Amino acid sequence: MRIEIICTGDEVLTGKITNTNFSYMAQKLEDVGLSVHWGTTVGDDRDSLLIAFQLAAGRADAVIVNGGLGPTVDDLSQEIAAQAAGVDLVLHQEWLDRMESFFTRRMRSMPPNNVKQAMLPATAEMLDNPVGTACGFALDIGGARFFFTPGVPRELRRMLEEQVIPRILARSGAPASIYLKRFHTYGLGESHVDQLLTGVEALDPDGGVKLGFRAHYPQLETKLTVRGTDMDDVRRKLAPVTAEVKQRLGNFIFAEDDQTLEGVTLAALVAEGATLTLVESFTAGQIAARIAHLPGAETVFRHGTVTRRLDELFGVRLPPQLDQFTTEAVADAARRQTGASHALAVLIELDEGADRIDFGGSIWMAIATASRAEFRRSRILGGREWVRLGAVELALDCLRRFLQALPVVERIDFEKS
């Protein structure tokens, strides 16, 4: 199945907005075993759009067109789609009624130019949009099936997952059931995990399991795409592979599927009936920002301190060179003075000089409760932002390990001795 994605709009072509829609669509297609062969970006120009549609129609089996379904004069997708298919634009009364109802429920009058959104090519199949007024549609142009989707991200995502991908899968002759299993890790690089998981696909002799990765420092997502005749077949194929992945990656797996590191950590705090105080330097409060807004955090998050100066914290005077004793003392003082059951202190000493690839920072970290303390020191290179991101992730992962009774200190690929 050869797939092309065409993204439209002058604002996308000129870089005035970042084209996150393309990456989202390509990723979602890959997750179900479909590959994008071409990606095209074209402005709001009739001739350019027509050429792009004609070119895609001659080389692709399925084409997703994103954008150009709005009510304004620069929204041209319906018009050019009809021209490319050699059919007329006709009023789609069902969608017009839906739009009028949409505005009536909001006690507004529908502007006359919105009628344009109900004008579709005569041979088009309507694709429902339950969260907006842009009607999606599908039709054949040349040898390809075209799927036209709205540019608003939340509308696109709903339509892509509910309307477009199922139709493309049906045309591709894919198995009846496809399932994506994801493991999220911190501390192991992509090439390292690739080596660790050598041969896991072969655990399914039918070849129904495909291994893939998505690296987004400091995390790595390991993906297992499983194809089967039905969900029972999928589960049968997935079980031994999942068990082997967990065995090989071990403590480095912090979450699965839609779980997040901060969500897992918060759940562990809630399960213990714990409360948390954070002390952060250089991370600009990003550890707190990952946890404090989550549902349930109101019962856990007690206090956050953000600083850049490493002189005195919670009555503990810091020496010119940080050490384990001082870091643990800061965590314990923060815990006692704020009344929290757990405190996490993350103190960072940055290198001097300009930001560069070998610029680094030493991370001094301590977790304290009334009866226990854990210490971790790490050094990360790669520039200021690399150090900041790595420190935030390392801190959350160490807290997660502490709460799950796992080793807090375990060598990671991103740190230097």
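Position 1 is the first residue of the sequence, and the numbers go up from there. If you're wondering where the values come from, they're calculated on a predicted model, not measured in any experiment.
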Inset, instruction - Please determine which of Val330, Ile348, Leu310, Ile363 meets the side-chain contact (heavy atoms from CB on, under 4.5 Å) test together with Leu322. - result: Leu310

Inset, instruction - Could you tell me whether Arg372 sits above the aromatic face of Phe402, with NZ or CZ closer than 6.0 angstrom to the six-membered ring centre and within 45 degrees of the axis? - result: yes

Inset, instruction - Can you label the angle between the Phe53 ring and the Phe146 ring as parallel, tilted or perpendicular, going by 30° and 60°? - result: perpendicular

Legend entry - More than 12 heavy atoms of other groups within 6.0 Å of Lys223 NZ: yes

Inset, instruction - Determine, stepwise, if the pair Cys398 / Met365 fulfils side-chain contact (heavy atoms from CB on, under 4.5 Å). - result: CA-CA 9 Å; Cys398 285; Met365 185 181 310; 3.8 Å; yes

Legend entry - Charged N-O contact under 4.0 Å between Arg227 and Asp204: no

Legend entry - Distance-only donor-acceptor check, side chains Thr72 and Asp75, under 3.5 Å: yes

Inset, instruction - Would you sort out whether Asp397 and Phe252 count as a side-chain contact (heavy atoms from CB on, under 4.5 Å), showing the intermediate values? - result: CA-CA 9 Å; Asp397 191 55; Phe252 292 98; 5.9 Å; no

Inset, instruction - Before accepting this row, confirm whether a basic side-chain N of the pair Lys246/Glu256 lies closer than 4.0 Å to the acidic partner's carboxylate O. - result: yes

Inset, instruction - May I ask you to say whether Arg182 pairs ionically with Asp258, meaning some side-chain N is under 4.0 Å from a carboxylate O? - result: yes

Inset, instruction - Would you sort out whether Met110 and Leu96 count as a side-chain contact (heavy atoms from CB on, under 4.5 Å), showing the intermediate values? - result: CA-CA 10 Å; Met110 189 181 81; Leu96 180 61; 3.8 Å; yes

Inset, instruction - Kindly compute the distance separating CE (Met159) from CG (Asn129), expressed to the nearest 0.5 Å. - result: 4.0 Å

Inset, instruction - Please indicate whether Gln247 has more than 12 foreign heavy atoms, meaning atoms of other residues, nucleotides or ligands, lying under 6.0 Å from its CD. - result: no

Inset, instruction - Classify the side-chain pair Trp364/Glu349 by whether it contains a donor and acceptor separated by less than 3.5 Å. - result: yes

Inset, instruction - With rounding to the nearest 0.5 Å, note down the distance linking CG in Asp10 to CG in Asp45. - result: 8.0 Å

Legend entry - pair Thr369-Ser341: side-chain heavy atoms closer than 4.5 Å: no

Inset, instruction - Grab the two heavy atoms, one from Pro71 and one from Lys116, that are nearest each other, plus how far apart they are. - result: O-CD, 3.7 Å

Inset, instruction - Would you mind checking if Glu374 and Arg401 are paired as a salt bridge, meaning a charged N to carboxylate O distance below 4.0 Å? - result: no

Legend entry - Non-hydrogen atoms of Ile291 and Ala297 that approach each other most closely: O-CB, 3.4 Å

Legend entry - Euclidean distance, Leu69 CG relative to Thr133 OG1, rounded to 0.5 Å: 9.5 Å

Inset, instruction - Measure up the Trp386 and Tyr217 rings against each other and bin them: parallel (under 30°), tilted (30 to 60°), perpendicular (over 60°). - result: parallel

Legend entry - Test: Arg290 and Glu393 ion pair at under 4.0 Å: yes

Legend entry - Within 6.0 Å of CZ in Arg105, more than 12 heavy atoms from elsewhere: yes

Legend entry - Presence of salt bridge, Glu30 and Arg214, under 4.0 angstrom: no

Legend entry - Tyr24 six-ring centre to Arg157 NZ/CZ under 6.0 Å and within 45° of normal: yes

